[in-house]
Structure formats: C-alpha cells, structure tokens
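Worksheet: the structure to be examined is printed underneath.
Sequence lines set the chain letters: A, B, ... in the order given, protein chains first and strands last, and positions in each chain run from 1.
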Number of protein chains: 2
Amino acid sequence: MIRLANYIRSLIDINDADLRVILSNFSKKKLKKGTFILKHGQVASSYYFIASGAIRIFSGDEPKDKTLWIAFENEFIAELPSIKFLTPSSFSFQAIEETTLITIESGKMDRLYEEFPQFQAFGRQIWEKAFLKVVDNVTLLQTENATERYKKAVLKTDYIQRVSLKYLSSYLGITQTSLSRLRKKIK
Amino acid sequence: MIRLANYIRSLIDINDADLRVILSNFSKKKLKKGTFILKHGQVASSYYFIASGAIRIFSGDEPKDKTLWIAFENEFIAELPSIKFLTPSSFSFQAIEETTLITIESGKMDRLYEEFPQFQAFGRQIWEKAFLKVVDNVTLLQTENATERYKKAVLKTDYIQRVSLKYLSSYLGITQTSLSRLRKKIK
DNA sequence: CTGAGAAATTGCCAAATGACAAGAAAGCTA
DNA sequence: TAGCTTTCTTGTCATTTGGCAATTTCTCAG
C-alpha cells in the first residue's frame, strides 16, 4: 500500500487524510504466476496497481498472442477503453510472475473522483501515460531494427530481463529465435 | 461545416440548436500543401477537423522524420497530451495536400464542455479513438511484415494511395526503396 | 532429488529488408 | 511549355530476420 501511496503522491498533491480515504478503497490481491486478471472479450471493471511482480498485456491467444505491453512493480495499468465505454476488452492481462496487485473497481474510482476532485488529475495522468507509452512504442517499432529495440527496452527497465523470450519477442516484434540470437551477439 | 456537423452527430446525440452553437465556435482555415499547423516543441492549443485534404503527424525533422499518423478528410485530430497538460508537443502537424481545416481553440472547447455536458462524450471519444488507433498500429507493426502492413493500410483507406512514398514508408516502418519494390510486386 | 515439460539455443538455409547510387518520371513554377 | 526540383524506380550487394527442426538447458511439481 505504501508503494501505491507513493505512486499517487508522485503524480498529484494530496493531504494525508484524503490519501488515507482513497487508499481504503483499494484492495490487495496475490496472484500466482500464469493467473489471468482479465481475458479479452470480457468487460474490464478494475484498475490495477502492481506492488510487485509483472503483468503482460497481450492480444490474440497463445501461442500466437502478441504482447502489447509488459508492466512491472510500481506501474498502474488498466484496460481503459473497456472500463470507460463498457466495451469488450481487446486484451488479456496475465501475471507472468508471482504478483501482488492493488486493485480498485471502476465504480469506486468514479466515486473518488467526485469526492476528491483533485484526484481526477490522477485519472487523467494514467490515460496520458498509457497513451504516450504506446506512441513511443510505435516510433520505436517504426524506427529501429530489432537489436536497437531490444537494447532500448533493456535500458528503460532492467526488469525486462526477467521476461521470458517467448513473451518479450512478440513485444519487440520479432521471433523468439531472432531475439535469442541477437541477445547473444550483444553480450 | 456540414462535414463536421455530421461527424459530431455520428458520435453523440445532440439537437440542432445546440449543434449550431457548438459549430459557431469553430473556424475554417485553408492550408497550402506543405504548411505546418504545429511544430514539435510548441504547445498545442487547438483541435483540428479535416474537411478536405490530408495532414501528416510526425516526429523528428526532415529528412529523418518518422510519420506516426496520416489523417484525411472527416478525421478529427489533435496533439492531446500537449493541449491537456500544456507540455511541448512531441509531434509536428503538416498539410501534405491543399487542406481545409475546421479548428477550435482548446479554451473554447472547454467552455463547450461546460455549456453542453453531453458534448463531453465527444471529447472522450476523440481520446479513445486516438488511443485505439495507435494501439492498432503497434499490433500491426509487431505482427505483420512490410507487405502485409502496406496491404492493410490500403484496405483501411484508399486515401493512403494519395500519400507520397517518402511519407508512407516511415509510417509503415520501412524504407522508401523497399516500399517502392513491394508495391510493384503486389500489382 | 528427479524426470517431464517448457523454454532457449543453435544450425542451416531462404526470404525480406536495407544501403547507396544512378537514372527515370512526375510535379511545380515562372 | 521549359526547366528545375522533388519523388520514384531500379540495380547491386550486404545485412537482418524468419522458418523449421534438433538439441540443450531450465523449471518446477512430486
């Protein structure tokens, strides 16, 4: 919970009392490796903060799934379009390690927005961050070759090295074989 | 203006009178080919609807720029993060044909949201559309080879064929040379 | 600690894409 | 329309990436 508190504080100004109330609306969940927290086609109803572990967001079904994003500790994630517009999710969310999540239902989130208007800035920033990350990704995929994409991904987060090649490769837009080879060449 | 009216109507329910007031806040602009409506580093302050023509959104500077998106008639575009958070724009917007824009300043847009709450749904959908488009793009870049990406881009909009290879190639994440060749092969 | 299943590596070869430069075609302006 | 500029195409060759299958390594439940 402290991690979440710090995360919120890093994005908005808020006093201790308000923050405490906000946090009381969240609940903790432990997930085993492999657990799905959302499957594509379902309507998403929660926001997730990763206290520890890693979640992969992907489209399609294994083994031909495509990893859109991999989130690690101290990251706030959600299937925003599905939550906001009650449409079926395009993506599945899966824990790829033992993971501790701190979650909140979207209804509660909305009530917090009403009760604490300054908290709305938090919601907006989640959107913005998500948007910018995806845009960055497009640029990377358009611009760099596989080797550079891998290097930059590692630079951004060491965590990325915890991810199996199977998942990482589709995130980088290459095959597992190629990723294995280029990683070897880099060393 | 009729085009914009239809566009708004396609996204939200709104009566004639309200729509008329809303439209009166927009203004028309004609742009010659090559004109910039926003350069990266500037803070964006307007939303744009393309009545005719085409706008390309790109990062970096020519000739090494990367085209993130190409928008055509009946598309609503904006540098949303820059508008919302007053941060410098990461992208430049440039007319790549003679273009007629219908624009509105963000301040006026905000006032419309207050005056016509149902219009907020319009704003939200712009965000969502932008987000989904970018996500689609990631998936495409991750999943398909250059030939497929080109085919799918053409399938989505015939308009794409109006775009010079120079711009189109970086949008597809390949070189102009390769695009020229693969286009020949397809015919 | 062990053995089955999953994941990663490697070899071999084919296909796709890139780099660079030259020439052809198309578009624009006076 | 002529002439200039930009864009497009093509040739050659190098490099990157993919496909497939065999083998090795790793992981984890029992």
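Residues from residues 174-187 of chain A that place a heavy atom under 4.0 Å from any atom of DNA chain D, listed by number: A:I174, A:T175, A:T177, A:S178, A:R181.
Scanning for side-chain contact (heavy atoms from CB on, under 4.5 Å) contacts around A:E148 gives A:E144, A:N145, A:K151, with sequence neighbours left out.
Taking 4.5 Å as the limit, some side-chain heavy atom of A:P81 sits within range of a side-chain heavy atom of A:E79.
Side-chain nitrogen and oxygen atoms of A:K33 include none within less than 4.0 Å of the OP1 or OP2 phosphate oxygen of D:dT27.
Salt bridge A:K39/A:D61: absent, no basic N to carboxylate O contact under 4.0 Å.
The CD-P distance, from B:E97 to D:dT6, rounds to 19 Å in whole Å. Separating the CD atom of A:E98 from the P atom of D:dA29 is a distance of 11 Å, rounded to the nearest angstrom. D:dG18 atom P lies 11 Å from atom CG of A:L172, rounded to whole Å. To the nearest angstrom, C1' of D:dG18 lies 14 Å from CD of B:E144.
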Report task. Could you please spell out the steps behind the salt bridge (charged side-chain N to carboxylate O under 4.0 Å, His left out) verdict for B:D16 and B:R9? Result -> CA-CA 10 Å; B:D16 285 355; B:R9 276 246 159 76; 2.4 Å; yes
**Report entry** Residue pair A:R162, A:E73: steps toward the salt bridge (charged side-chain N to carboxylate O under 4.0 Å, His left out) verdict
**Finding:** CA-CA 12 Å; A:R162 302 194 324 230; A:E73 40 265 43; 3.0 Å; yes
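A centroid separation of 6.0 Å or more is found between the aromatic rings of A:F49 and A:F26.
Bracketed by its first and final contacts, the part of DNA chain C lying under 4.0 Å from non-hydrogen atoms of chain A reaches from C:dA7 to C:dC12 in 5' to 3' order.
B:F58 and B:F93 fall into different hydrophobic clusters, where Ile, Leu, Val, Met, Phe, Trp and Tyr side chains are chained together by heavy-atom contacts under 4.5 Å.
No hydrogens or angles considered: nothing links the side chains of B:S59 and B:S90 as a donor-acceptor pair under 3.5 Å.
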